[in-house]
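Here's the structure we're looking at; comments come further down.
Excluded from the calculations below are hydrogen atoms, water molecules and symmetry mates; all remaining heavy atoms, backbone and side chain alike, are included.
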Amino acid sequence: MNPSVPGASTALQPFEPAHDAVYTIETVAHLTCTPRHQIAVYCRHGLIAPLAAPGKSAWVFDAEAIRTLRRLERLRADYGVNLSGLRFVTELMRDLEQLHAEVRFLRGR
């Protein structure tokens with residue numbers, strides 16, 4: 001961006017992960033400002049999942065995991081939601097996404 005151009009924004013834009021890219025746990029930790037240990041805790045509790053089973057290969061994540069992790073961290077840091085609450089919110093969000101998909105399908109008929 002060129003700040004000398006009228007109307008050009010100099011504000012930082014949040015990083016939006018590429019749809020088909022995969023990211024190592026180190027990169028995910030950096031992009032989301034989440035410690036690796038916290039990412040492992042979220043994985044252990046089923047809130048996010050690496051693309052490959054831990055121990056079989058390096059932990060890598062996709063764009064959806066990064067978006068979910070950002071959401072989890074915001075709920076935890078800004079609102080003090082604990083792991084049980086995060087699990088409940090995650091389940092509700094998955095159910096809501098499924099319902100949205102069903103409504104889109106039914107409208108397309």
Side-chain angles (χ1 to χ4, degrees):
M1 296 245 142
N2 187 348
S4 63
V5 175
S9 174
T10 58
L12 290 176
Q13 300 297 316
F15 173 78
E16 186 60 33
H19 177 68
D20 57 348
V22 294
Y23 302 90
T24 64
I25 190 169
E26 291 82 10
T27 302
V28 171
H30 176 74
L31 291 173
T32 62
C33 299
T34 305
R36 287 174 46 148
H37 173 76
Q38 189 66 36
I39 294 171
V41 168
Y42 289 149
C43 288
R44 191 172 32 240
H45 288 275
L47 298 171
I48 61 170
L51 295 176
K56 304 276 186 208
S57 63
W59 286 30
V60 291
F61 299 86
D62 60 4
E64 186 60 33
I66 291 175
R67 283 189 281 277
T68 301
L69 184 56
R70 285 179 174 161
R71 197 176 312 124
L72 292 170
E73 276 298 284
R74 176 156 184 170
L75 290 168
R76 187 186 65 79
D78 293 353
Y79 302 106
V81 179
N82 63 18
L83 282 172
S84 295
L86 291 174
R87 187 176 306 112
F88 181 69
V89 169
T90 301
E91 289 173 12
L92 286 176
M93 291 171 64
R94 286 181 188 148
D95 290 347
L96 184 61
E97 288 172 8
Q98 182 179 356
L99 288 171
H100 280 288
E102 289 176 16
V103 166
R104 282 191 299 274
F105 174 76
L106 291 172
R107 285 185 179 164
R109 288 174 133 188

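Residues L72 and F88 do not share a hydrophobic cluster, clusters being chains of Ile/Leu/Val/Met/Phe/Trp/Tyr side chains in contact below 4.5 Å. Note on L47: it does not cluster hydrophobically with L92, by side-chain heavy-atom contacts below 4.5 Å among ILVMFWY residues. A single hydrophobic cluster is not seen to contain both I48 and L96; linkage of ILVMFWY side chains at heavy-atom distances under 4.5 Å, directly or through other members, places them apart.
Note on residues 83-94: pairs passing side-chain hydrogen bond (donor to acceptor under 3.5 Å, both in side chains), not counting sequence neighbours, are H45-R87. Identified under the salt bridge (Lys or Arg N to Asp or Glu O under 4.0 Å) test for residues 59-69, with sequence neighbours left out: E16-R67, E64-R67.
Applying the salt bridge (Lys or Arg N to Asp or Glu O under 4.0 Å) test to R36 and every residue at least two apart in sequence or in another chain returns E26. Partners of E102 under the side-chain contact (heavy atoms from CB on, under 4.5 Å) rule, at least two apart in sequence or in another chain, are Q98, L99. With sequence neighbours left out, the side-chain contact (heavy atoms from CB on, under 4.5 Å) criterion links A21 to A18, Y23. Taking T68 as the reference, nothing meets the side-chain hydrogen bond (donor to acceptor under 3.5 Å, both in side chains) condition, with sequence neighbours excluded. Listed by chain and number, the residues in a salt bridge (Lys or Arg N to Asp or Glu O under 4.0 Å) with R74 are D78 (sequence neighbours excluded). In this structure, the side-chain contact (heavy atoms from CB on, under 4.5 Å) partners of R107, at least two apart in sequence or on a different chain, are V103.
Taking all atoms of both residues into account, the shortest heavy-atom contact from C43 to W59 is SG-CZ3, 3.7 Å. Between L86 and V81, the shortest heavy-atom contact is N-CG1, 3.4 Å.
Hydrophobic cluster membership for L106: F105 (Ile, Leu, Val, Met, Phe, Trp, Tyr linked by side-chain heavy atoms under 4.5 Å, directly or transitively).
The distance from the CD atom of Q38 to the SG atom of C33 is 13.5 Å, given to the nearest 0.5 Å.
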Kindly determine whether T34 and V28 satisfy side-chain contact (heavy atoms from CB on, under 4.5 Å), including the steps that lead there.
-> CA-CA 8 Å; T34 305; V28 171; over 6 Å; no

Working for salt bridge (Lys or Arg N to Asp or Glu O under 4.0 Å), residues E73 and R76 = CA-CA 5 Å; E73 276 298 284; R76 187 186 65 79; 2.9 Å; yes

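Results of the side chain to side chain contact (heavy atoms under 4.5 Å, CB included) test with F61 over L69, T24, I39, V22 single out I39 as the only residue that passes.
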